[in-house]
Novice: 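One structure, pasted below without further comment.
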Amino acid sequence: MRMYDIIEKKRDGFELTSEEIEFFINEYCKNSIPDYQAAALLMAIFLKGMNERETAQLTDAMAHSGDMIDLSEIPGIKVDKHSTGGVGDKTTLILGPIVAACGIPVAKMSGRGLGHTGGTIDKLEAIPGFNTSISRENFIQNVKEIGIAIAGQTGNLAPADKKIYALRDVTATVNNISLIASSIMSKKLASGADRIVLDVKTGSGAFMKNLEDSVKLAQAMVKIGENTGRHTVAIVTEMDIPLGKAVGNSLEIIEAVETLKNRGPQDLSEVSFVLAARMLELSGKGTYEECRKLVREAVESGRALSKFAELIEKQGGNKGIVGDYSLFPQVKHTFEYKAEASGYISTMKTDTIGVASLELGAGRETKESTIDYAAGIYFNKKTGDKVEKGEVLATLYTNKEEKISQACGLLQQAVRISDGSPVKKPLILAYIDSKGIEMA
Ligand code: URA
């Protein structure tokens with residue numbers, strides 16, 4: 001088989017066989033295909049597309065390029081959740097303990113963040129003492145003992161995706177639905193879950209900026225899941241506004257704890273509880289409505305909060321943080337960002353808000369940057385809220401005093417105040433499963 005022929009075939013719009021897809025993945029991982037040929041094929045795929053079968057086979061080949069995590073030692077159905085990411089997205093910290101408190105094992109491998117705030121792993125590391133680098137054996141043992149473990153990705157998970165993603169990043173071939181869907185799902189398949197719930201974010205703070213593309217991405221990922229034997233459903237959720245009020249690592253942990261105490265912001269609670277209920281439904285705990293009830297009971301009884309405290313303690317963290325937020329490291333500087341006019345908040349450019357929190361120290365600019373866990377932004381007001389001139393819209397937290405004016409400048413660009421109140425958009429915009437799409 002020759003790479004030249006595979007490139008030519010896709011360039012001319014033909015379907016690739018599974019042998020050709022596997023040849024590309026295997027040989028590229030062994031460095032026997034040069035980057036220029038791999039880039040040419042990726043561009044051909046970008047321009048000519050891949051059908052459902054090709055996309056599933058590309059996903060499967062990338063998943064099998066490294067370790068396939070075996071969770072079979074853990075009894076029961078293992079359901080994973082994946083979010084395509086957004087500003088203030090801390091749902092894993094809420095739904096993980098809820099699902100575990102309902103008796104479904106949560107064996108969650110999460111990533112670090114590059115950008116506005118950390119990923120789930122960075123957020124957990126904001127808890128004093130919390131260890132996210134536990135061994136594979138401890139990870140499995142913890143899930144067996146307390147029903148939940150959340151750890152950083154270890155070992156060699158989907159190395160083909162890592163190599164191909166780096167190449168796509170520099171050859172303008174990231175933004176293709178088949179390539180994005182196979183990239184995300186290859187890591188999910190390698191992580192060992194039996195069933196998958198996807199949260200595809202849409203809007204200015206998301207990877208996918210419009211609803212149509214977000215639904216297409218969700219459909220492509222659901223199809224891959226079903227074609228590779230992992231029952232998968234997706235919801236598409238709003239990311240034209242930060243999720244919750246807190247952006248920044250320890251601020252987000254506190255907000256997650258508040259949500260587990262049933263006094264979190266409405267939008268964050270709703271998205272987290274919907275995702276948790278979908279996970280329970282996929283695990284066979286009942287109908288969606290029955291699972292919503294189980295979620296409510298787990299939160300209202302305090303069992304979900306206790307499960308979070310148990311998780312923290314098991315992974316070496318100070319579980320006292322659930323009752324005493326002063327145990328988190330504190331910032332040296334806070335600043336109140338005030339409304340410049342009276343009216344209603346009409347838009348919040350969420351990606352710009354992400355950049356403001358990054359400037360304050362909450363995120364990573366490069367892989368090597370260190371995160372300031374205490375830095376971030378807490379919003380008192382969000383899109384749709386009425387504000388008076390001079391009212392505090394947000395509090396900025398930082399150890400870098402010199403960054404405050406820059407962050408305020410970004411907030412000025414991001415938050416628009418208008419005379420009329422904006423039309424309220426639904427939070428959950430679509431539900432997608434193997435049977436089809438339900439739009440809100
Ligand atoms: N996230 C991924 O993991 N892969 C993509 O291609 C895009 C976003």
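Count residues from 1 along the sequence. Whatever order the structure lists them in is the order used to number ligands and atoms, beginning at 1.
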Novice: Check the orientation of Phe328 and Tyr325. Use parallel for under 30°, tilted for 30 to 60°, and perpendicular for over 60°.
Specialist: tilted

Novice: Looking at atom 5 (C) of ligand 1, what's its closest protein heavy atom, distance included?
Specialist: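 It is Tyr165 CE1, 3.2 Å.
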
Novice: Distance to 0.1 Å, residue and atom name: give those for the protein heavy atom nearest to atom 8 (C) of ligand 1.
Specialist: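 It is Phe207 CZ, 3.8 Å.
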
Novice: What do you reckon, does Ile184 put a non-hydrogen atom under 4.0 Å from ligand 1?
Specialist: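 Flag set, Ile184 near ligand 1.
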
Novice: Answer yes or no: is there a side-chain heavy-atom contact under 4.5 Å between His231 and Leu282?
Specialist: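 They are in side-chain contact.
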
Novice: Just to be sure I'm reading this right: ignoring hydrogens, which of Ser183, Ser178, Ala181, Gly85 gets closest to atom 2 (C) of ligand 1? Compare them by their nearest heavy atoms.
Specialist: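 Closest candidate by heavy-atom distance is Ser183.
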
Novice: Which ligand 1 atoms, with their elements, are less than 4.0 angstrom from a heavy-atom of Arg168?
Specialist: 6 (O)

Novice: Under 3.5 Å between any N/O of Lys187 and any N/O of ligand 1: does that happen in this structure?
Specialist: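 Yes, there is a polar N/O contact under 3.5 Å.
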
Novice: Would Tyr373 and Asp122 satisfy side chain to side chain donor-acceptor pair (under 3.5 Å), going step by step from the backbone distance to the final call?
Specialist: CA-CA 8 Å; Tyr373 295 121; Asp122 301 300; 5.1 Å; no

Novice: Do Lys201 and Ser83 have side-chain atoms, one donor and one acceptor, less than 3.5 Å apart?
Specialist: no

Novice: Decide whether Lys108 and Thr120 meet the rule of one side-chain donor and one side-chain acceptor closer than 3.5 Å.
Specialist: no

